[in-house]
Amino acid sequence: MVVMDEDGNNLGKSRRAAIQSVTMVATSRITMAMPGMLLIPVLMQKVETMRFYRPVYSAPMQTLLCGVSLLFMVPFGCALFPQKSSMSVSRLEPALRDEIERTHGSSLKRVYFNKGL
């Protein structure tokens, strides 16, 4: 993954930044899907015991509940981590860290990268 300084200048590629990025994306996607996977079955189990329930209502009701869940959770999941993420120069690979310190000195403390969606 390409890492940059705060002005957007390319500093190199970092595998550790890529691992951090994938971890953040996976966490946000799990967060988006979790309410639909956990709450809808519980709600449907309760609804199926109600007097008005008919089996023909199952698919439309689950689809509606899933849509409502995603309507609220997708924006929340996307906002969980910033799009332009950062990490300390000290956490980069030794070769890249040494290259950055050689070209920028010790003034550069953080590098930035695009997390992705």
Side-chain angles (χ1 to χ4, degrees):
M1 169 152 301
V2 175
V3 292
M4 300 166 278
D5 62 10
E6 57 190 15
D7 296 326
N9 299 319
N10 188 347
L11 299 174
K13 292 185 178 183
S14 170
R15 186 177 184 144
R16 290 183 183 171
I19 291 169
Q20 182 176 336
S21 175
V22 169
T23 302
M24 288 188 290
V25 169
T27 302
S28 67
R29 289 188 182 185
I30 290 169
T31 302
M32 284 185 239
M34 198 174 0
M37 288 195 266
L38 296 177
L39 295 178
I40 292 174
V42 172
L43 288 172
M44 286 305 296
Q45 187 176 16
K46 297 289 184 192
V47 168
E48 288 172 359
T49 63
M50 294 181 177
R51 192 170 51 106
F52 74 88
Y53 178 77
R54 303 285 179 266
V56 73
Y57 299 157
S58 182
M61 195 173 292
Q62 288 182 43
T63 303
L64 178 68
L65 289 171
C66 186
V68 169
S69 170
L70 289 173
L71 179 70
F72 293 103
M73 291 310 296
V74 168
F76 176 77
C78 289
L80 206 52
F81 299 105
Q83 185 69 32
K84 185 178 179 183
S85 297
S86 68
M87 70 185 310
S88 174
V89 172
S90 63
R91 292 187 54 211
L92 293 171
E93 293 85 351
L96 180 58
R97 181 178 54 234
D98 293 343
E99 175 67 23
I100 290 171
E101 288 175 355
R102 187 178 59 77
T103 57
H104 290 79
S106 62
S107 63
L108 190 63
K109 300 292 183 199
R110 299 198 73 73
V111 294
Y112 301 89
F113 55 93
N114 184 351
K115 169 186 68 88
L117 291 176

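Every heavy atom of this structure was used, including side-chain atoms; hydrogens, water molecules and symmetry mates were not.
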With hydrophobic residues grouped by side-chain heavy-atom distances under 4.5 Å, do M50 and V56 end up in a single group? yes
Distance col, row T31:OG1 vs M34:CE, nearest 0.5 angstrom, shows 5.0 Å
Has R16 got more than 12 heavy atoms of other residues, nucleotides or ligands less than 6.0 Å from its CZ?
yes
### Message
Would you say Y112 ends up clustered with M1 if hydrophobic residues are merged whenever their side chains have heavy atoms under 4.5 Å apart, either directly or through other cluster members?
### Response
no
Only residue of D5, V89, V2 satisfying side chain to side chain contact (heavy atoms under 4.5 Å, CB included) with L11 is D5
Check your understanding: Are L92 and L108 linked, directly or through other ILVMFWY residues, by side chains that come within less than 4.5 angstrom of each other?
Key -> yes
Query raised in the report: Is any side-chain heavy atom of T49 closer than 4.5 Å to a side-chain heavy atom of Q45?
Result: no
The reported gap from OG in S90 to CZ in R110 (rounded to nearest 0.5 angstrom) is 8.5 Å
For K84, look at atom NZ and say whether over 12 heavy atoms of other residues, nucleotides or ligands are found less than 6.0 Å away.
yes
Answer yes or no: is there a side-chain heavy-atom contact under 4.5 Å between S14 and F113?
no
Let me check something: any side-chain donor-acceptor pairs from residues 57-74 under 3.5 Å, sequence neighbours excluded? List them with distances.
unit_1 : atom_1 : unit_2 : atom_2 : d
S58    : OG     : Q62    : NE2    : 2.9
T63    : OG1    : A59    : O      : 2.8
S69    : OG     : G36    : N      : 3.4

Nearest heavy-atom approach of S28 to L80 is CA-CD2, 4.2 Å
Contacts of Q83 meeting side-chain hydrogen bond (donor to acceptor under 3.5 Å, both in side chains) (sequence neighbours excluded), chain-then-number -> N114
CE of M24 to OG of S85, rounded to nearest 0.5 Å, is 3.0 Å
Counting only heavy atoms from other residues, nucleotides and ligands, does the tally under 6.0 Å from CZ of R15 exceed 12? no
When rounded to the nearest 0.5 Å, the distance separating CD1 of I30 from CE of M32 is 10.5 Å
d(E101 CD, L96 CG) to nearest 0.5 Å is 10.0 Å
Report task. Evaluate whether atom OH of Y53 has more than 12 neighbouring non-hydrogen atoms of other residues, nucleotides or ligands under 6.0 angstrom away. Result -> yes
Given the options E6, M4, M87, V111 meets side chain to side chain contact (heavy atoms under 4.5 Å, CB included) only with M87
